[in-house]
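All remarks here apply to the structure that follows.
In what follows, every heavy atom counts, from backbone to side chain, and hydrogens, waters and symmetry copies are set aside. Here is the naming used below: chain letters follow the sequence lines, and residue numbers restart at 1 for every chain.
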Amino acid sequence: MTESERFATLEVVLFSVGAWRVGMEAGRVRGCRWRSASDAPESADIRLMSTWMALPAAECHERPMLLETLDAGQSVTWQVQGPVTLHALPVETIHPLPPLLAARTTIPGLRALALTPEEGLILLIDPSIRAQDQERP
Amino acid sequence: MTTPSSPLEQIVAQRLASRRERIELDEPMIKVVIVALADQHFAFPGEGIREILARARVFFVPGCPPSMEGVVNVRGDIETVIRLQTLLRLPESEPGPASAILIARGNGVVSGLRVDRVLDVLDVPRSSILPVPATFPTRWSTLALGVIHREEQPVTLLNLDALLGDYARGLE
């Protein structure tokens, strides 16, 4: 695989946080499953993505989903809203944050934006950034 | 000795007037883009304005200050759009049909600036820029380079370096 082929697209796992579509690199995601009744309701091992991103979580009647990521060798489980899908984003749809947005955003881990005809605006995050600051449910 | 009404005096007076005119024409000029915001007029140095977008879709981005309207796609690059009305503490209003986004550069930063209307692009003599009056609101005086006049109306010339630099530092 050549460099140009390698970076023609970026595989991302997309999910919802409130009204927003959010993506993270697929390579960071180790697994995905529905949250089940056996998961403790106030589990300290499950982090709410909406709380970490400081975004309002829309009322959702569907069962939340759990994404497992790897952060500095440790497994982290995030609660997100569906639909959770895998997308190959063309690199030309991915934009670095404009400097004023980078300077003023309150969303931790926001690294880039993507604009696609299908999904509209996508917030691309790196969940390992400021992971130590994130709040737990 | 010549009298004031002599032909020579008249010729000399004409020549002096002509020289004054030439001096005025040669004096340094500055291009400005004049815009309307609420019922106020503001101007930006033309060298700091890269383009004017009449119609552009703005995508709202969460987690931003209320003064940031969102981002706009400018031929493949995305830029922020800032509501100048909010920054300048002017009455808020929804963008109307004449609204435009100026893509501006200041302090090494590029951003869109939402204005109600673009009124004019003018060359004005630098000498016509008057100092900022002491009676100006503090917020305006920190961002203003001076005041010019257009059609008898005062126009506040804004400093893009200060405006965008302050914004990046969270000073609103």
Item to check | Which portion of B:L164 sits near chain A, non-hydrogen atoms under 4.5 angstrom | outcome: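 Backbone plus side chain of B:L164, per the 4.5 Å heavy-atom cut-off to chain A.
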
Item to check | Contact class of B:V71 relative to chain A, heavy atoms under 4.5 angstrom | outcome: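 Only the side chain of B:V71 comes within 4.5 Å of chain A.
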
According to a 4.5 Å side-chain heavy-atom criterion applied to Ile, Leu, Val, Met, Phe, Trp and Tyr, with indirect links allowed, do [X] and [Y] form part of one hydrophobic cluster?
X	Y	value
B:L119	B:F42	no
A:L10	A:L14	yes
B:L84	B:V81	no
B:V110	B:L143	no
A:L115	A:L97	yes

Tell me, for [X] versus chain B, whether the close heavy atoms (under 4.5 Å) come from the side chain, the backbone, both or neither.
X	result
A:L55	side chain
A:L123	side chain
A:P96	backbone
A:L100	both

Item to check | Option that, when pairs with chain B are counted at under 4.5 Å, heavy atom only, ranks first among A:P98, A:G18, A:A54 | outcome: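 Most heavy-atom pairs under 4.5 Å with chain B: A:P98.
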
Checklist entry - Can you tell which of A:L121, A:L101, A:L110 has the highest number of heavy-atom pairs within less than 4.5 Å of chain B? => result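 Ranked by contacts with chain B, first place is A:L101.
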
Next on the checklist: Quick check: closest heavy atoms across A:A103 and B:A168, and the distance to 0.1 Å?
Outcome noted: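 Closest approach of A:A103 to B:A168, heavy atoms only: CB-O, 3.5 Å.
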
Checklist entry - Which atom names give the shortest non-hydrogen contact between A:I107 and B:G63, and what distance separates them? => result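 A:I107 and B:G63 have their closest heavy atoms at CG1-CA, 4.1 Å.
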
Between these two chains, chain B and chain A, I want each donor-acceptor atom pair under 3.5 angstrom written on its own line with its distance.
residue : atom : partner : partner atom : Å
B:G63   : O    : A:T106  : N            : 2.8
B:G63   : O    : A:T106  : OG1          : 3.1
B:G76   : O    : A:H95   : ND1          : 3.3
B:Y167  : O    : A:R104  : NH1          : 3.0
B:E172  : OE2  : A:R104  : NH1          : 3.0
B:E172  : OE2  : A:R104  : NH2          : 2.6

Checklist entry - What distance do A:I94 atom CD1 and B:I78 atom CD1 have between them, rounded to the nearest 0.5 Å? => result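 A:I94 atom CD1 to B:I78 atom CD1 measures 11.0 Å (nearest 0.5 Å).
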
